[in-house]
S.K.: 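Mind looking over this structure? Questions follow.
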Amino acid sequence: MTEQQDENKLIAQRRGQLAALREQGNPFPNDFRRDALAADLLVAHGDRDAEELESLGVRAAVGGRLMSRRVMGKASFAHLQDMSGRIQLFVQRDNLPEGVYQQFKKAWDIGDVIGAEGQLFKTKTGELSIRVDSIRLLTKSLRPLPEKHHGLTDQEQRYRMRYLDLIMNEDSRKTFRIRTEAVRFLRNYLDGQGFMEVETPMMQVIPGGAAARPFVTQHNALDMRLYLRIAPELYLKRLVVGGFEKVYEINRNFRNEGLSTRHNPEFTMLEFYQAYADYHDLMDLTEDMLRGLAEQVLGTTKVRYQGDEYDFGSPFTRMTVKESILHFNPDIDAAELDDLERARAVAERLEIPLKASHGLGKAQIEIFEKTVEHRLMNPTFITAYPTEVSPLARRNDADPFVTDRFEFFVGGREIANGFSELNDAEDQAERFRQQVAEKDAGDDEAMHYDADYVRALEYGLPPTAGEGIGIDRLVMLLTDSPSIRDVLLFPHMRPE
RNA sequence: GGGCCGUUAGCUCAGUCGGUAGAGCAGUGGAUUUUUAAUCCAUUGGUCAUAGGUUCAAAUCCUAUACGGCCCA
(Lines give C-alpha, C1' and ligand atoms only; values in the text may rest on other atoms or scores of the structure.)
Protein backbone atom coordinates (compact mmCIF):
# COMPACT_ATOMS: atom_id res chain seq x y z
CA MET A 1 0.00 0.00 0.00
CA THR A 2 1.46 3.34 -0.96
CA GLU A 3 1.42 6.25 1.43
CA GLN A 4 -1.30 8.24 -0.24
CA GLN A 5 -3.68 5.51 -1.35
CA ASP A 6 -5.85 5.19 1.71
CA GLU A 7 -6.00 8.81 2.78
CA ASN A 8 -9.50 10.17 3.09
CA LYS A 9 -11.35 13.17 4.35
CA LEU A 10 -11.46 11.97 7.95
CA ILE A 11 -7.69 11.58 8.06
CA ALA A 12 -7.12 14.92 6.34
CA GLN A 13 -9.31 16.56 8.96
CA ARG A 14 -7.26 15.08 11.79
CA ARG A 15 -4.00 16.07 10.11
CA GLY A 16 -5.40 19.60 10.10
CA GLN A 17 -6.08 19.40 13.83
CA LEU A 18 -2.59 18.06 14.43
CA ALA A 19 -1.07 20.94 12.43
CA ALA A 20 -3.01 23.39 14.61
CA LEU A 21 -1.77 21.62 17.77
CA ARG A 22 1.83 21.86 16.54
CA GLU A 23 1.39 25.64 16.50
CA GLN A 24 0.71 25.52 20.25
CA GLY A 25 3.69 23.33 21.19
CA ASN A 26 4.77 19.69 20.99
CA PRO A 27 1.62 17.64 20.41
CA PHE A 28 3.39 14.45 21.54
CA PRO A 29 4.45 15.24 25.12
CA ASN A 30 5.97 12.54 27.30
CA ASP A 31 5.87 14.10 30.74
CA PHE A 32 2.46 12.85 31.89
CA ARG A 33 2.61 10.10 34.51
CA ARG A 34 -0.39 8.06 35.55
CA ASP A 35 -0.79 6.60 39.02
CA ALA A 36 -3.63 4.14 38.43
CA LEU A 37 -5.05 1.60 36.00
CA ALA A 38 -8.75 1.42 35.22
CA ALA A 39 -9.27 -2.13 36.42
CA ASP A 40 -7.38 -1.52 39.66
CA LEU A 41 -9.59 1.46 40.45
CA LEU A 42 -12.71 -0.61 39.81
CA VAL A 43 -11.45 -3.40 42.06
CA ALA A 44 -10.44 -1.01 44.83
CA HIS A 45 -13.41 1.37 44.73
CA GLY A 46 -16.12 -0.10 42.51
CA ASP A 47 -18.13 -1.40 45.44
CA ARG A 48 -18.11 1.82 47.48
CA ASP A 49 -21.29 3.86 47.52
CA ALA A 50 -21.50 7.49 46.44
CA GLU A 51 -21.30 9.06 49.91
CA GLU A 52 -18.37 6.91 50.98
CA LEU A 53 -16.42 7.81 47.84
CA GLU A 54 -17.21 11.49 48.31
CA SER A 55 -15.95 11.48 51.88
CA LEU A 56 -12.80 9.52 50.99
CA GLY A 57 -11.89 11.99 48.25
CA VAL A 58 -9.77 9.52 46.26
CA ARG A 59 -7.81 11.07 43.41
CA ALA A 60 -6.47 9.21 40.39
CA ALA A 61 -4.42 10.04 37.28
CA VAL A 62 -5.16 7.76 34.36
CA GLY A 63 -3.85 7.49 30.82
CA GLY A 64 -5.37 5.69 27.88
CA ARG A 65 -7.17 5.83 24.58
CA LEU A 66 -10.40 7.80 24.25
CA MET A 67 -12.95 5.17 23.16
CA SER A 68 -16.23 7.07 23.39
CA ARG A 69 -17.49 10.58 24.07
CA ARG A 70 -20.99 11.77 24.93
CA VAL A 71 -21.16 15.54 24.84
CA MET A 72 -24.09 17.16 26.64
CA GLY A 73 -23.36 20.84 26.28
CA LYS A 74 -21.16 22.05 29.10
CA ALA A 75 -20.44 18.52 30.41
CA SER A 76 -19.41 15.26 28.74
CA PHE A 77 -18.92 11.64 29.56
CA ALA A 78 -16.12 9.66 27.96
CA HIS A 79 -14.51 6.25 28.34
CA LEU A 80 -10.79 5.81 28.56
CA GLN A 81 -9.23 2.43 27.77
CA ASP A 82 -5.88 1.35 29.14
CA MET A 83 -4.07 -2.01 29.31
CA SER A 84 -6.30 -3.14 32.15
CA GLY A 85 -9.76 -2.06 30.98
CA ARG A 86 -11.96 1.03 30.82
CA ILE A 87 -13.01 3.79 33.15
CA GLN A 88 -15.50 6.60 32.64
CA LEU A 89 -14.48 10.25 32.74
CA PHE A 90 -16.88 13.06 33.65
CA VAL A 91 -15.55 16.21 32.00
CA GLN A 92 -17.15 19.56 32.84
CA ARG A 93 -16.35 22.92 31.26
CA ASP A 94 -16.45 24.78 34.54
CA ASN A 95 -14.10 22.29 36.23
CA LEU A 96 -11.27 22.94 33.75
CA PRO A 97 -9.05 25.90 32.85
CA GLU A 98 -10.38 28.28 30.24
CA GLY A 99 -10.46 26.78 26.73
CA VAL A 100 -9.55 23.19 27.64
CA TYR A 101 -13.12 21.91 27.42
CA GLN A 102 -13.49 23.41 23.97
CA GLN A 103 -10.32 21.56 22.89
CA PHE A 104 -11.64 18.32 24.36
CA LYS A 105 -14.89 18.78 22.45
CA LYS A 106 -13.56 19.99 19.11
CA ALA A 107 -9.85 19.33 18.60
CA TRP A 108 -9.59 15.88 20.11
CA ASP A 109 -11.02 12.71 18.62
CA ILE A 110 -12.04 9.25 19.62
CA GLY A 111 -8.86 7.21 19.37
CA ASP A 112 -6.61 9.94 20.78
CA VAL A 113 -4.45 9.09 23.77
CA ILE A 114 -5.37 11.20 26.78
CA GLY A 115 -4.13 11.77 30.30
CA ALA A 116 -6.73 12.77 32.88
CA GLU A 117 -6.81 13.40 36.60
CA GLY A 118 -9.52 14.00 39.15
CA GLN A 119 -11.56 12.64 42.03
CA LEU A 120 -13.37 9.32 41.98
CA PHE A 121 -17.15 9.42 42.27
CA LYS A 122 -20.25 7.42 41.43
CA THR A 123 -22.66 8.61 38.77
CA LYS A 124 -26.36 8.39 39.46
CA THR A 125 -26.44 5.12 37.52
CA GLY A 126 -23.73 3.83 39.85
CA GLU A 127 -20.73 3.72 37.54
CA LEU A 128 -17.37 4.49 39.10
CA SER A 129 -16.02 7.56 37.26
CA ILE A 130 -13.42 10.29 37.51
CA ARG A 131 -14.60 13.92 37.89
CA VAL A 132 -11.88 15.39 35.74
CA ASP A 133 -10.14 18.60 36.78
CA SER A 134 -7.06 18.15 34.61
CA ILE A 135 -6.91 16.63 31.13
CA ARG A 136 -4.31 16.58 28.34
CA LEU A 137 -3.89 15.26 24.85
CA LEU A 138 -0.86 12.97 24.82
CA THR A 139 -1.00 11.48 21.31
CA LYS A 140 -3.07 12.63 18.37
CA SER A 141 -4.57 9.71 16.46
CA LEU A 142 -4.83 10.37 12.73
CA ARG A 143 -7.00 7.44 11.71
CA PRO A 144 -10.62 6.92 12.75
CA LEU A 145 -11.36 3.83 14.80
CA PRO A 146 -13.88 1.24 13.58
CA GLU A 147 -17.52 1.59 14.49
CA LYS A 148 -18.00 1.56 18.24
CA HIS A 149 -20.54 -1.15 18.62
CA HIS A 150 -19.77 -3.73 15.93
CA GLY A 151 -16.02 -3.13 16.23
CA LEU A 152 -13.66 -4.64 13.70
CA THR A 153 -15.00 -7.95 12.40
CA ASP A 154 -13.32 -8.35 9.02
CA GLN A 155 -10.99 -11.33 9.54
CA GLU A 156 -8.40 -10.11 7.07
CA GLN A 157 -8.09 -6.70 8.72
CA ARG A 158 -8.00 -8.26 12.16
CA TYR A 159 -4.99 -10.36 11.11
CA ARG A 160 -3.21 -7.70 9.08
CA MET A 161 -3.79 -4.85 11.54
CA ARG A 162 -3.60 -6.71 14.83
CA TYR A 163 -3.03 -3.44 16.69
CA LEU A 164 -6.47 -2.29 15.60
CA ASP A 165 -8.01 -5.65 16.46
CA LEU A 166 -6.48 -5.41 19.94
CA ILE A 167 -7.80 -1.88 20.45
CA MET A 168 -11.31 -2.91 19.44
CA ASN A 169 -11.84 -6.53 20.52
CA GLU A 170 -11.70 -7.65 24.13
CA ASP A 171 -11.98 -11.28 22.97
CA SER A 172 -8.79 -10.90 21.04
CA ARG A 173 -6.99 -9.30 23.98
CA LYS A 174 -8.20 -12.18 26.14
CA THR A 175 -6.93 -14.81 23.72
CA PHE A 176 -3.40 -13.44 23.80
CA ARG A 177 -3.43 -13.00 27.56
CA ILE A 178 -4.39 -16.67 27.86
CA ARG A 179 -1.59 -17.57 25.48
CA THR A 180 0.95 -15.76 27.62
CA GLU A 181 -0.48 -17.29 30.79
CA ALA A 182 -0.34 -20.78 29.29
CA VAL A 183 3.31 -20.45 28.28
CA ARG A 184 4.14 -19.06 31.70
CA PHE A 185 2.41 -22.02 33.36
CA LEU A 186 4.34 -24.53 31.25
CA ARG A 187 7.65 -22.83 32.08
CA ASN A 188 6.84 -22.75 35.77
CA TYR A 189 5.75 -26.38 35.71
CA LEU A 190 8.91 -27.61 34.03
CA ASP A 191 11.15 -25.36 36.14
CA GLY A 192 9.41 -26.80 39.18
CA GLN A 193 10.23 -30.32 37.98
CA GLY A 194 13.91 -29.44 37.77
CA PHE A 195 14.11 -28.88 34.01
CA MET A 196 16.54 -26.33 32.61
CA GLU A 197 15.44 -23.97 29.86
CA VAL A 198 17.91 -23.72 26.99
CA GLU A 199 18.22 -22.17 23.54
CA THR A 200 19.52 -24.15 20.58
CA PRO A 201 20.20 -23.09 16.97
CA MET A 202 17.40 -21.73 14.83
CA MET A 203 19.73 -21.83 11.83
CA GLN A 204 21.03 -25.31 11.15
CA VAL A 205 23.39 -26.86 8.65
CA ILE A 206 21.37 -30.06 8.64
CA PRO A 207 17.66 -29.56 9.34
CA GLY A 208 16.78 -32.51 11.55
CA GLY A 209 14.42 -33.84 14.19
CA ALA A 210 11.27 -34.01 12.07
CA ALA A 211 9.95 -34.92 8.66
CA ALA A 212 9.26 -31.60 6.92
CA ARG A 213 10.48 -29.29 4.19
CA PRO A 214 12.74 -26.53 5.57
CA PHE A 215 13.20 -22.88 4.67
CA VAL A 216 16.60 -22.21 3.14
CA THR A 217 18.80 -19.20 3.76
CA GLN A 218 22.32 -18.17 2.90
CA HIS A 219 25.25 -17.26 5.13
CA ASN A 220 27.28 -14.81 3.07
CA ALA A 221 30.56 -14.72 5.01
CA LEU A 222 30.79 -18.50 5.16
CA ASP A 223 29.24 -18.82 1.70
CA MET A 224 27.06 -21.67 2.81
CA ARG A 225 23.46 -22.73 2.78
CA LEU A 226 21.67 -22.77 6.14
CA TYR A 227 18.23 -24.04 7.05
CA LEU A 228 15.75 -22.60 9.51
CA ARG A 229 15.12 -25.35 11.98
CA ILE A 230 12.16 -27.68 11.62
CA ALA A 231 12.74 -28.95 15.19
CA PRO A 232 15.27 -28.52 18.02
CA GLU A 233 15.25 -32.24 18.86
CA LEU A 234 18.72 -33.35 17.86
CA TYR A 235 20.39 -30.42 19.64
CA LEU A 236 18.43 -30.98 22.84
CA LYS A 237 19.51 -34.61 22.89
CA ARG A 238 23.13 -33.55 22.37
CA LEU A 239 22.68 -31.56 25.59
CA VAL A 240 21.47 -34.66 27.41
CA VAL A 241 24.65 -36.41 26.17
CA GLY A 242 26.52 -33.45 27.66
CA GLY A 243 24.96 -34.07 31.04
CA PHE A 244 22.09 -31.57 31.09
CA GLU A 245 19.73 -34.40 31.88
CA LYS A 246 16.47 -32.45 32.01
CA VAL A 247 16.18 -29.69 29.40
CA TYR A 248 13.44 -27.88 27.57
CA GLU A 249 13.05 -25.20 24.95
CA ILE A 250 10.00 -23.13 23.98
CA ASN A 251 10.63 -21.52 20.66
CA ARG A 252 9.75 -21.24 17.01
CA ASN A 253 10.01 -23.96 14.37
CA PHE A 254 9.77 -23.22 10.66
CA ARG A 255 8.24 -25.55 8.11
CA ASN A 256 7.98 -24.72 4.44
CA GLU A 257 4.42 -25.88 3.93
CA GLY A 258 1.06 -24.46 2.94
CA LEU A 259 -1.16 -22.34 5.14
CA SER A 260 -4.34 -23.57 6.75
CA THR A 261 -6.42 -23.09 9.84
CA ARG A 262 -3.98 -25.45 11.57
CA HIS A 263 -0.68 -24.53 9.88
CA ASN A 264 1.47 -21.41 9.96
CA PRO A 265 5.00 -21.45 8.46
CA GLU A 266 6.42 -20.51 11.85
CA PHE A 267 4.89 -21.99 14.94
CA THR A 268 5.83 -22.48 18.57
CA MET A 269 6.87 -25.77 20.04
CA LEU A 270 7.72 -26.88 23.54
CA GLU A 271 10.25 -29.71 23.51
CA PHE A 272 11.59 -31.34 26.63
CA TYR A 273 13.93 -34.24 27.36
CA GLN A 274 14.44 -36.19 30.52
CA ALA A 275 17.15 -38.78 31.17
CA TYR A 276 16.34 -41.95 33.10
CA ALA A 277 12.71 -41.77 32.00
CA ASP A 278 10.66 -43.55 29.37
CA TYR A 279 7.60 -42.68 27.32
CA HIS A 280 5.25 -43.87 30.09
CA ASP A 281 6.82 -41.33 32.44
CA LEU A 282 6.25 -38.59 29.88
CA MET A 283 2.62 -39.57 29.35
CA ASP A 284 2.14 -39.26 33.10
CA LEU A 285 3.90 -35.91 33.14
CA THR A 286 1.90 -34.65 30.15
CA GLU A 287 -1.38 -35.65 31.71
CA ASP A 288 -0.55 -33.91 34.98
CA MET A 289 0.84 -30.82 33.27
CA LEU A 290 -2.06 -30.30 30.86
CA ARG A 291 -4.67 -30.92 33.55
CA GLY A 292 -2.94 -28.32 35.70
CA LEU A 293 -2.74 -25.98 32.73
CA ALA A 294 -6.49 -26.13 32.10
CA GLU A 295 -7.20 -25.57 35.80
CA GLN A 296 -4.82 -22.64 36.01
CA VAL A 297 -5.81 -20.88 32.80
CA LEU A 298 -9.51 -21.73 32.53
CA GLY A 299 -10.33 -22.50 36.14
CA THR A 300 -11.83 -25.83 35.07
CA THR A 301 -10.78 -29.13 33.52
CA LYS A 302 -13.73 -29.03 31.12
CA VAL A 303 -12.36 -27.45 27.98
CA ARG A 304 -15.08 -26.10 25.71
CA TYR A 305 -14.10 -25.96 22.08
CA GLN A 306 -16.32 -25.02 19.13
CA GLY A 307 -19.46 -26.36 20.77
CA ASP A 308 -17.85 -29.52 22.14
CA GLU A 309 -16.43 -30.18 25.58
CA TYR A 310 -13.24 -32.09 26.32
CA ASP A 311 -12.58 -33.54 29.74
CA PHE A 312 -9.06 -32.97 31.05
CA GLY A 313 -10.11 -34.05 34.53
CA SER A 314 -10.62 -37.78 33.98
CA PRO A 315 -7.67 -40.10 33.27
CA PHE A 316 -6.62 -39.74 29.63
CA THR A 317 -7.40 -42.70 27.39
CA ARG A 318 -4.38 -44.73 26.28
CA MET A 319 -4.41 -47.23 23.42
CA THR A 320 -2.10 -48.49 20.70
CA VAL A 321 -2.28 -47.52 17.05
CA LYS A 322 -3.61 -50.96 16.15
CA GLU A 323 -6.14 -51.00 18.97
CA SER A 324 -7.46 -47.62 17.91
CA ILE A 325 -7.83 -48.67 14.27
CA LEU A 326 -9.78 -51.78 15.29
CA HIS A 327 -11.86 -49.75 17.75
CA PHE A 328 -13.02 -47.26 15.13
CA ASN A 329 -13.21 -49.75 12.25
CA PRO A 330 -15.29 -52.75 13.41
CA ASP A 331 -15.15 -54.14 9.88
CA ILE A 332 -11.37 -54.48 9.94
CA ASP A 333 -9.94 -57.73 11.27
CA ALA A 334 -6.79 -57.63 13.45
CA ALA A 335 -5.01 -60.02 11.13
CA GLU A 336 -5.51 -57.64 8.21
CA LEU A 337 -3.27 -55.10 9.93
CA ASP A 338 -0.40 -57.55 10.40
CA ASP A 339 0.10 -58.44 6.76
CA LEU A 340 1.38 -55.96 4.19
CA GLU A 341 -0.72 -57.26 1.30
CA ARG A 342 -3.91 -57.39 3.37
CA ALA A 343 -3.24 -53.96 4.89
CA ARG A 344 -2.77 -52.57 1.38
CA ALA A 345 -6.14 -54.06 0.44
CA VAL A 346 -7.71 -52.31 3.44
CA ALA A 347 -6.12 -49.03 2.38
CA GLU A 348 -7.45 -49.46 -1.13
CA ARG A 349 -10.91 -50.12 0.26
CA LEU A 350 -10.64 -46.85 2.17
CA GLU A 351 -9.40 -45.04 -0.94
CA ILE A 352 -6.00 -44.29 0.62
CA PRO A 353 -3.26 -43.99 -2.01
CA LEU A 354 -0.08 -45.85 -0.98
CA LYS A 355 3.31 -45.68 -2.65
CA ALA A 356 5.02 -48.89 -3.74
CA SER A 357 7.82 -48.19 -1.24
CA HIS A 358 5.43 -48.03 1.73
CA GLY A 359 5.80 -50.88 4.15
CA LEU A 360 3.32 -52.28 6.63
CA GLY A 361 4.03 -49.63 9.28
CA LYS A 362 3.40 -46.76 6.86
CA ALA A 363 0.22 -48.49 5.66
CA GLN A 364 -1.04 -48.78 9.25
CA ILE A 365 -0.35 -45.11 9.92
CA GLU A 366 -2.14 -44.02 6.75
CA ILE A 367 -5.18 -46.05 7.82
CA PHE A 368 -4.91 -44.56 11.32
CA GLU A 369 -4.73 -40.99 10.04
CA LYS A 370 -7.67 -41.46 7.70
CA THR A 371 -10.04 -43.30 10.03
CA VAL A 372 -9.01 -42.61 13.63
CA GLU A 373 -7.19 -39.33 14.20
CA HIS A 374 -10.12 -36.94 13.66
CA ARG A 375 -12.29 -39.01 16.01
CA LEU A 376 -10.04 -38.73 19.06
CA MET A 377 -11.99 -36.03 20.84
CA ASN A 378 -11.25 -36.37 24.55
CA PRO A 379 -7.58 -36.33 25.57
CA THR A 380 -6.07 -39.56 24.23
CA PHE A 381 -2.60 -41.07 24.03
CA ILE A 382 -1.99 -43.35 21.06
CA THR A 383 1.06 -45.60 21.54
CA ALA A 384 3.14 -48.21 19.71
CA TYR A 385 3.89 -46.33 16.49
CA PRO A 386 5.59 -48.45 13.81
CA THR A 387 9.37 -48.16 13.68
CA GLU A 388 9.10 -47.42 9.98
CA VAL A 389 7.55 -44.01 10.71
CA SER A 390 9.56 -43.27 13.87
CA PRO A 391 13.21 -42.88 12.86
CA LEU A 392 14.33 -41.30 16.14
CA ALA A 393 12.40 -43.46 18.62
CA ARG A 394 13.54 -46.44 20.60
CA ARG A 395 12.33 -49.86 19.48
CA ASN A 396 9.98 -51.69 21.81
CA ASP A 397 11.77 -54.54 23.58
CA ALA A 398 8.97 -57.07 23.10
CA ASP A 399 7.96 -56.02 19.57
CA PRO A 400 10.69 -54.30 17.55
CA PHE A 401 8.18 -53.63 14.76
CA VAL A 402 6.94 -50.73 16.88
CA THR A 403 8.62 -48.06 18.99
CA ASP A 404 8.11 -46.80 22.54
CA ARG A 405 6.32 -43.77 21.23
CA PHE A 406 3.04 -41.94 21.73
CA GLU A 407 1.14 -39.13 20.16
CA PHE A 408 -1.41 -37.11 22.07
CA PHE A 409 -4.74 -36.02 20.59
CA VAL A 410 -7.56 -33.71 21.64
CA GLY A 411 -10.46 -32.58 19.52
CA GLY A 412 -9.32 -34.77 16.64
CA ARG A 413 -5.98 -32.98 16.45
CA GLU A 414 -2.43 -33.97 17.23
CA ILE A 415 -1.12 -31.86 20.08
CA ALA A 416 2.00 -33.70 21.20
CA ASN A 417 4.46 -36.37 20.15
CA GLY A 418 6.84 -38.15 22.49
CA PHE A 419 8.95 -41.24 22.83
CA SER A 420 11.70 -43.08 24.55
CA GLU A 421 14.73 -41.91 22.62
CA LEU A 422 16.77 -44.12 20.36
CA ASN A 423 20.16 -44.06 22.06
CA ASP A 424 21.77 -46.97 20.19
CA ALA A 425 24.21 -45.10 17.94
CA GLU A 426 24.54 -47.96 15.48
CA ASP A 427 20.77 -48.38 15.16
CA GLN A 428 20.44 -44.60 14.69
CA ALA A 429 23.08 -44.63 11.94
CA GLU A 430 21.22 -47.39 10.17
CA ARG A 431 17.90 -45.52 10.41
CA PHE A 432 19.49 -42.36 9.03
CA ARG A 433 20.75 -44.44 6.09
CA GLN A 434 17.20 -45.64 5.47
CA GLN A 435 15.94 -42.05 5.55
CA VAL A 436 18.60 -41.01 3.04
CA ALA A 437 17.54 -43.86 0.78
CA GLU A 438 13.95 -42.63 0.98
CA LYS A 439 15.07 -39.10 0.22
CA ASP A 440 17.02 -40.38 -2.81
CA ALA A 441 13.84 -42.20 -3.85
CA GLY A 442 12.01 -38.88 -3.96
CA ASP A 443 10.62 -38.28 -0.46
CA ASP A 444 11.68 -34.69 0.17
CA GLU A 445 10.45 -34.85 3.77
CA ALA A 446 12.81 -37.72 4.62
CA MET A 447 15.69 -36.91 6.98
CA HIS A 448 19.33 -36.13 6.29
CA TYR A 449 22.20 -38.16 7.76
CA ASP A 450 23.49 -36.17 10.72
CA ALA A 451 26.99 -37.49 11.38
CA ASP A 452 27.68 -35.22 14.35
CA TYR A 453 24.49 -36.38 16.01
CA VAL A 454 25.56 -40.02 15.55
CA ARG A 455 28.98 -39.11 16.97
CA ALA A 456 27.26 -37.60 20.02
CA LEU A 457 25.27 -40.80 20.49
CA GLU A 458 28.52 -42.75 20.25
CA TYR A 459 29.66 -40.97 23.42
CA GLY A 460 26.51 -42.31 25.06
CA LEU A 461 23.04 -40.81 25.46
CA PRO A 462 21.62 -42.01 28.77
CA PRO A 463 18.26 -43.73 28.55
CA THR A 464 16.04 -40.75 27.83
CA ALA A 465 12.52 -39.81 26.85
CA GLY A 466 11.53 -36.66 25.00
CA GLU A 467 8.43 -34.89 23.81
CA GLY A 468 7.21 -31.99 21.73
CA ILE A 469 3.99 -30.09 22.35
CA GLY A 470 2.49 -27.74 19.78
CA ILE A 471 1.81 -24.56 21.72
CA ASP A 472 -0.36 -22.90 19.08
CA ARG A 473 -2.77 -25.81 18.80
CA LEU A 474 -2.91 -26.10 22.57
CA VAL A 475 -3.76 -22.39 22.85
CA MET A 476 -6.40 -22.79 20.14
CA LEU A 477 -8.08 -25.34 22.41
CA LEU A 478 -7.81 -23.17 25.51
CA THR A 479 -9.18 -20.09 23.75
CA ASP A 480 -11.85 -21.80 21.65
CA SER A 481 -10.18 -20.47 18.49
CA PRO A 482 -11.10 -22.10 15.16
CA SER A 483 -7.93 -20.97 13.36
CA ILE A 484 -4.25 -20.94 14.26
CA ARG A 485 -4.25 -17.34 13.00
CA ASP A 486 -6.46 -16.39 15.92
CA VAL A 487 -3.73 -17.35 18.38
CA LEU A 488 -0.78 -15.80 16.50
CA LEU A 489 -0.34 -12.08 17.09
CA PHE A 490 0.95 -11.61 13.57
CA PRO A 491 -0.03 -14.61 11.44
CA HIS A 492 1.60 -15.08 8.08
CA MET A 493 -0.38 -13.33 5.32
CA ARG A 494 0.22 -12.83 1.63
CA PRO A 495 1.43 -9.29 0.95
CA GLU A 496 -1.38 -6.78 0.46
C1' G B 1 -3.51 -27.98 -5.73
C1' G B 2 -9.35 -28.54 -6.11
C1' G B 3 -14.43 -26.87 -4.75
C1' C B 4 -17.78 -23.26 -2.62
C1' C B 5 -18.46 -18.28 -0.75
C1' G B 6 -17.02 -13.19 -0.08
C1' U B 7 -14.79 -8.04 -1.53
C1' U B 8 -20.23 -1.64 -1.86
C1' A B 9 -18.64 5.17 2.48
C1' G B 10 -13.44 5.33 7.77
C1' C B 11 -16.32 0.86 10.28
C1' U B 12 -20.82 -2.58 10.34
C1' C B 13 -24.01 -3.82 6.53
C1' A B 14 -28.51 -3.35 2.77
C1' G B 15 -28.97 -2.97 -2.50
C1' U B 16 -35.45 -6.50 -5.60
C1' C B 17 -36.07 -8.58 -12.47
C1' G B 18 -29.88 -5.14 -15.38
C1' G B 19 -32.63 1.14 -15.29
C1' U B 20 -29.93 7.98 -11.22
C1' A B 21 -25.75 4.37 -4.86
C1' G B 22 -28.63 3.34 0.56
C1' A B 23 -28.86 2.91 6.20
C1' G B 24 -26.63 2.95 11.12
C1' C B 25 -22.22 4.39 13.59
C1' A B 26 -18.10 7.72 12.95
C1' G B 27 -17.34 12.87 10.88
C1' U B 28 -19.13 18.19 10.17
C1' G B 29 -22.66 22.49 11.94
C1' G B 30 -26.29 23.49 15.89
C1' A B 31 -29.04 22.42 20.95
C1' U B 32 -28.04 19.98 25.56
C1' U B 33 -24.23 20.05 33.08
C1' U B 34 -25.43 12.50 35.25
C1' U B 35 -24.60 10.00 29.94
C1' U B 36 -23.19 5.01 28.82
C1' A B 37 -25.27 1.99 21.39
C1' A B 38 -26.92 9.33 25.08
C1' U B 39 -30.85 12.24 22.72
C1' C B 40 -32.86 15.99 19.10
C1' C B 41 -32.25 19.05 14.28
C1' A B 42 -29.34 19.63 9.87
C1' U B 43 -25.43 17.72 6.83
C1' U B 44 -20.62 15.88 4.19
C1' G B 45 -18.75 11.37 2.46
C1' G B 46 -18.50 6.23 -3.17
C1' U B 47 -12.49 4.08 -8.61
C1' C B 48 -19.28 -0.75 -5.88
C1' A B 49 -11.48 -5.21 -5.11
C1' U B 50 -8.85 -4.91 -10.17
C1' A B 51 -8.89 -5.70 -15.60
C1' G B 52 -11.66 -7.08 -19.64
C1' G B 53 -16.42 -8.59 -21.96
C1' U B 54 -22.02 -8.71 -22.99
C1' U B 55 -25.77 -4.70 -23.22
C1' C B 56 -29.09 1.23 -25.23
C1' A B 57 -27.85 0.68 -19.92
C1' A B 58 -23.72 -3.34 -15.18
C1' A B 59 -22.67 -2.90 -7.95
C1' U B 60 -26.08 -6.53 -10.40
C1' C B 61 -24.77 -11.00 -16.04
C1' C B 62 -19.95 -13.46 -18.13
C1' U B 63 -14.36 -14.22 -18.05
C1' A B 64 -9.70 -13.54 -15.79
C1' U B 65 -6.70 -11.82 -11.76
C1' A B 66 -5.69 -10.30 -6.56
C1' C B 67 -6.76 -10.81 -1.49
C1' G B 68 -9.63 -13.23 2.24
C1' G B 69 -13.02 -17.06 4.54
C1' C B 70 -14.75 -22.21 4.77
C1' C B 71 -14.28 -27.31 3.15
C1' C B 72 -11.29 -31.11 0.78
C1' A B 73 -6.26 -33.12 -0.68
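Everything numeric in this text was worked out from a predicted model, so none of it was measured. Reminder, nothing fancy here: chain letters follow the sequence lines and each chain counts from 1.
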S.K.: Pairs of donor and acceptor atoms involving the side chains of residues 58-73 of chain A, under 3.5 Å and at least two apart or interchain, shall be tabulated with distances.
M.R.:
| residue | atom | partner | partner atom | Å |
| --- | --- | --- | --- | --- |
| A:R59 | NH1 | A:D133 | OD2 | 2.9 |
| A:R59 | NH2 | A:D133 | OD1 | 3.1 |
| A:R65 | NH1 | A:G111 | O | 2.8 |
| A:S68 | OG | A:R70 | NH1 | 3.4 |
| A:S68 | OG | A:H79 | N | 3.4 |
| A:R69 | NH1 | A:F104 | O | 2.6 |
| A:R69 | NH1 | A:W108 | O | 2.8 |
| A:R69 | NH2 | A:W108 | O | 3.3 |
| A:R70 | NH2 | A:Q88 | OE1 | 2.9 |

S.K.: Which nucleotide in the set B:rA37, B:rC67, B:rG10 lies at the smallest distance from any side-chain heavy atom of A:K148?
M.R.: B:rA37
S.K.: Look at all strands and tell whether A:M493 reaches a base, only sugar-phosphate, or nothing, counting heavy atoms closer than 4.0 Å.
M.R.: sugar-phosphate
S.K.: Select base, sugar-phosphate, or nothing to describe what A:K370 touches, counting heavy atoms under 4.0 Å on all strands.
M.R.: nothing
S.K.: Quick check for you: among B:rU35, B:rC67, B:rC70, whose closest atom lies nearest to any side-chain atom of A:E127?
M.R.: B:rU35
S.K.: Please confirm whether the backbone N or O of A:F406 pairs with a side-chain atom of A:T383, one donor and one acceptor, at under 3.5 Å?
M.R.: no
S.K.: Which part of the nucleic acid, if any, lies within reach of A:Q13 when heavy atoms closer than 4.0 Å are counted: base, sugar-phosphate only, or nothing?
M.R.: sugar-phosphate
S.K.: Under the 3.5 angstrom rule, does the side chain of A:K362 hit a backbone N or O of A:K355 as a donor-acceptor pair?
M.R.: no
S.K.: Can you check whether any acceptor in the base of B:rU12 is under 3.5 Å from a donor in the side chain of A:T153, or vice versa?
M.R.: no
S.K.: Can you confirm whether or not the ring centre of A:Y279 sits under 6.0 Å from the ring centre of A:F419?
M.R.: no
S.K.: Please confirm whether the backbone N or O of A:L152 pairs with a side-chain atom of A:N169, one donor and one acceptor, at under 3.5 Å?
M.R.: yes
S.K.: From the set B:rU34, B:rG68, B:rU12, return the single nucleotide nearest to any side-chain atom of A:R485.
M.R.: B:rG68
S.K.: Assign A:R160 to base, sugar-phosphate, or nothing according to its heavy-atom contacts below 4.0 angstrom with the strands shown.
M.R.: sugar-phosphate
S.K.: Ignoring hydrogens and geometry beyond distance, is the side chain of A:Q88 in donor-acceptor contact with the base of B:rU35 at under 3.5 Å?
M.R.: yes
S.K.: Within the structure shown, what part of the strands sits under 4.0 Å from A:G258 by heavy-atom distance: base, sugar-phosphate, or nothing?
M.R.: nothing
S.K.: Residues of residues 63-84 of chain A with any non-hydrogen atom less than 4.0 angstrom from an atom of RNA chain B: list those, numerically ordered, please.
M.R.: A:R69, A:R70, A:V71, A:M72, A:G73, A:K74, A:A75, A:F77, A:H79
S.K.: In whole Å, what is the span from the NZ atom of A:K124 to the C1' atom of B:rA38?
M.R.: 12 Å
S.K.: With both distances kept under 3.5 Å, what pairs with B:rU32, Watson-Crick or G-U wobble?
M.R.: none
S.K.: Take atom C1' in B:rA9 and the same atom in B:rA66, then report the distance between them in whole Å.
M.R.: 22 Å
S.K.: Quantified in whole Å, what is the C1' atom distance between nucleotide B:rC70 and nucleotide B:rG24?
M.R.: 29 Å
S.K.: State whether the side chain of A:E323 and the backbone N or O of A:T320 hold a donor-acceptor pair below 3.5 Å, judged by distance alone.
M.R.: yes
